[in-house]
Amino acid sequence: MKSTKTNISKKIVSIFICIALALSFCFASPRKAFATSTAETLSWKSEINASIGTDGAISVSEQKIIDITPFINKAKSYKVGTNEAPNTAPLLHPLVWGYRFLPEESDITLSDARIAILSDTDTVIGAWRGFENATFLSKWKGEDSPTAPTFTYSEADKKMYLYTELVNSSQLSSQQCFEIMQAMTGTADINLWASTKAIINLNYTIERAATIYKDVADFQWEYCPETWMMDSYDVSLNVTVPVGKGSIANPLGKVSSIETNSESTTERNIYAWGHGSSSGVVDLNPNGLVSLKSEVVPGNSAAEIRIVFPTAWLTNLDVGSDISQQNQAKLTTILKEESVWRDYRTDAVNKLILPIAFTAFCILVLVACLIILVIYRRRFLTGALSQQKLKEMHPCLLVRLKNWNHEFAHDLVVSLLSLNEKKRIRIKRMASGDFEIRLKNPAWAKDAYTAKNINIIDKRTINFLFGEIACGNPLLRLSDIQNYARARSYDFMSSYLAWHSLLTDEVNEFANFKSIYDKTRHILFGISIALGLISIALGIVFLEIITPIIGIIIAIVIGYIGNSLRNKVYFKDSKGKKIDAQDLNIGLAEYTETIDKFRIAAIKTIRQSVLDAQDIISKWNLINISE
């Protein structure tokens with residue numbers, strides 16, 4: 001037989017399978033997809049420093065640290081014997097920067113780009129490799145690419161491209177990877193290639209980067225473009241604004257004077273906001289430095305900065321340029337736009353609060369139900385009885401224990417079969433198809449309680465059947481039980497229920513079947529139904545599918561747990577091995593043909609007798625009420 005531990009393990013495994021299905025539905029449900037890159041890098045660390053000039057142009061210096069573990073491994077594999085024929089024309093992988101919020105008249109001038117290998121202490125190993133600064137060719141947008149690492153800008157779509165081989169080793173042979181590493185580190189000794197990082201430095205200028213109005217200059221910059229396919233970690237952005245001579249950047253409307261140790265209130269003159277996927281906080285400094293740090297910016301999701309400052313600080317601005325709109329005052333409009341953006345973000349967050357809270361509540365309820373299940377199992381599976389003690393128990397007790405002490409018609413039949421097994425009664429099938437039950441000791445028919453060495457349940461059974469129904473006759477037919485139930489319904493039901501009450505008392509000596517468990521089961525069913533309905537309602541209200549899927553599947557799991565609380569009681573022997581009560585019925589599982597047919601007929605007769613008696617009693621009650 002299987003152990004109790006195995007049975008519990010099956011339950012737990014089933015529950016965890018349901019939870020796994022819930023999570024699978026969550027991950028499989030529709031949502032915004034982040035496109036994966038063909039590059040093999042794992043992480044990027046970015047530091048961006050920019051300075052806005054008095055002419056409205058911005059000079060940018062970007063530094064990105066990338067993981068090139070696949071590239072290094074492939075280069076080393078060549079040296080240890082994996083000789084491959086080099087590809088004749090490997091495709092270089094383009095890294096793309098796109099700028100959506102720059103003015104139409106803006107332009108990008110590239111300065112230089114270079115790459116080097118870093119040590120574990122972030123110092124350069126070997127020599128820097130520069131990128132060619134070439135005119136962008138439209139054919140590079142397809143399957144073609146430059147023949148050498150290239151830094152280029154496309155005026156047509158206002159995108160900057162950096163074609164490099166380090167981030168796409170899949171297009172290169174191990175020999176080519178080795179040759180590139182050898183050129184960059186200045187050595188062919190792979191033992192010196194301990195690092196798995198490379199650093200890329202970019203320098204470029206964005207001409208006419210700010211939109212100029214009468215009162216303010218509006219600078220919007222997508223510093224982590226949506227076209228960037230890899231996640232960026234530890235992003236640090238610093239933008240220096242050209243504070244006018246004799247002025248001070250005032251982000252709060254208050255300026256402290258060091259000389260007089262006083263604070264004066266002035267009009268705020270600089271604003272900055274972070275948009276998009278940036279999780280950082282904007283920091284404004286009186287010297288005009290705007291800083292923003294983000295732990296992570298996911299790939300294919302933009303992170304932006306917007307800085308607004310007085311137009312008067314751009315002292316070298318070409319007022320005749322097309323981007324000059326100095327007849328319009330824009331600050332009030334910009335502040336309203338940002339206010340709307342903040343409200344939109346707040347509403348979006350608020351809409352997520354309830355589904356997230358409901359999902360968390362579902363998980364907490366599930367955990368509570370699992371705890372209830374564990375407590376339930378511990379309560380009724382510990383304290384094993386010995387095999388001998390179980391064999392000494394009356395079969396009616398075993399059957400009742402297995403059925404959670406619920407009353408059934410076959411309980412009385414089990415007692416009759418036990419008496420037959422002990423040769424205290426004899427069961428015989430008559431030619432008419434009826435069965436007769438003869439008591440071996442006729443004296444017991446009048447008073448079975450005088451008998452010695454007979455179980456109290458057997459005594460009550462003999463007294464009920466032969467003393468009350470057969471009126472002291474040691475011979476009883478099954479048909480007599482049904483006739484008695486019809487003729488004397490109240491007496492039959494009173495004795496029948498008293499017999500079951502005695503059996504219930506006997507069972508309660510072995511296990512305390514509290515009604516709290518039945519109530520708990522019904523409560524769990526109610527919670528299961530409520531969670532399912534609430535989940536569907538939330539899905540309809542918030543027009544999303546994740547919450548209903550999680551809620552419904554957790555509701556099913558809770559219903560499954562509730563159903564487990566109505567399981568039968570199991571027994572264990574002294575060694576902790578599970579025992580089926582049916583195996584302890586002392587031969588009752590193996591009936592002769594006569595006894596087997598009697599068992600079926602007796603169950604039907606007793607059940608029908610109870611139904612007939614209940615029907616007659618209910619009719620009499622109705623007559624008495626009407627009178």
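- Taking the six-membered ring where the residue is Trp, F492 and Y484 present perpendicular rings, their angle passing 60° and hence far from 30°.
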Original post:
Hey, mind stepping through S609 and Y496 against side chain to side chain contact (heavy atoms under 4.5 Å, CB included) and telling me if it holds?
Top reply: CA-CA 10 Å; S609 299; Y496 180 76; over 6 Å; no
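- Summarising the geometry, atom NZ belonging to K422 is positioned 4.0 Å from atom CG belonging to D458; distances are rounded to the nearest 0.5 Å.
- Of the inter-residue distances, the one linking L172 atom CG with Y78 atom OH reads 14.0 Å to the nearest 0.5 angstrom.
- Annotation for C396 and D411: closest pair SG-O, 3.3 Å, computed over non-hydrogen atoms.
- Residues forming a ring-ring contact (aromatic ring centres under 6.0 Å, His included) with F408 (at least two apart in sequence, or on another chain): H410.
- Annotation: side-chain hydrogen bond (donor to acceptor under 3.5 Å, both in side chains) contacts involving residues 467-479, sequence neighbours excluded, comprise D434-S479, E468-S495.
- Nearest heavy-atom pair across I425 and L416 is CD1-O, 3.4 Å.
- The ring pair (Phe, Tyr, Trp, His ring centres under 6.0 Å) analysis of residues 414-439, with sequence neighbours excluded, yields the pairs F435-F598.
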**OP:** Please step through side chain to side chain contact (heavy atoms under 4.5 Å, CB included) for the pair I616 and Y490, ending with a clear verdict.
**Re:** CA-CA 9 Å; I616 293 172; Y490 280 102; over 6 Å; no
**OP:** Could you walk me through whether I556 and S528 pass the side chain to side chain contact (heavy atoms under 4.5 Å, CB included) test, one step at a time?
**Re:** CA-CA 7 Å; I556 293 173; S528 174; 6.0 Å; no
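- At least one donor-acceptor pair closer than 3.5 Å links the side chain of S77 to the backbone N or O of K74.
- Here the closest non-hydrogen pair linking N420 and R426 is OD1-CA, 4.2 Å.
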Subject >> Residues I457, L397; criterion side chain to side chain contact (heavy atoms under 4.5 Å, CB included); working and verdict >> reply: CA-CA 9 Å; I457 298 175; L397 294 182; 4.0 Å; yes
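- Nearest heavy-atom pair, V414 versus P395, reported as atom, atom and distance to 0.1 Å: CG1-CB, 3.7 Å.
- Environment of NZ in K446: sparse, with no more than 12 heavy atoms of neighbouring residues, nucleotides or ligands closer than 6.0 Å.
- Here CG of L531 is found 9.5 Å from CG of L366. Values are rounded to the nearest 0.5 Å.
- Side-chain contact check for R438 versus K428: every heavy-atom pair is 4.5 Å or farther apart.
- Interatomic distance, N455 CG to S418 OG, rounded to the nearest 0.5 Å: 7.5 Å.
- Surrounding OH of Y449 are more than 12 heavy atoms belonging to other residues, nucleotides or ligands, all under 6.0 Å away.
- In this structure, NZ in K597 is found 9.0 Å from CD1 in I600, a value given to the nearest 0.5 Å.
- L502 approaches R460 most closely through the heavy-atom pair CD2-CB, 3.4 Å.
- Between the side chain of S618 and the backbone N or O of D615, at least one donor-acceptor pair lies under 3.5 Å.
- Between atom CG of residue L465 and atom CG of residue L439 there is a gap of 10.0 Å, rounded to the nearest 0.5 Å.
- Taking each heavy atom of L524 and I558 in turn, the nearest pair found is O-CG2, 3.6 Å.
- L478 places a side-chain heavy atom less than 4.5 Å from the side chain of I481.
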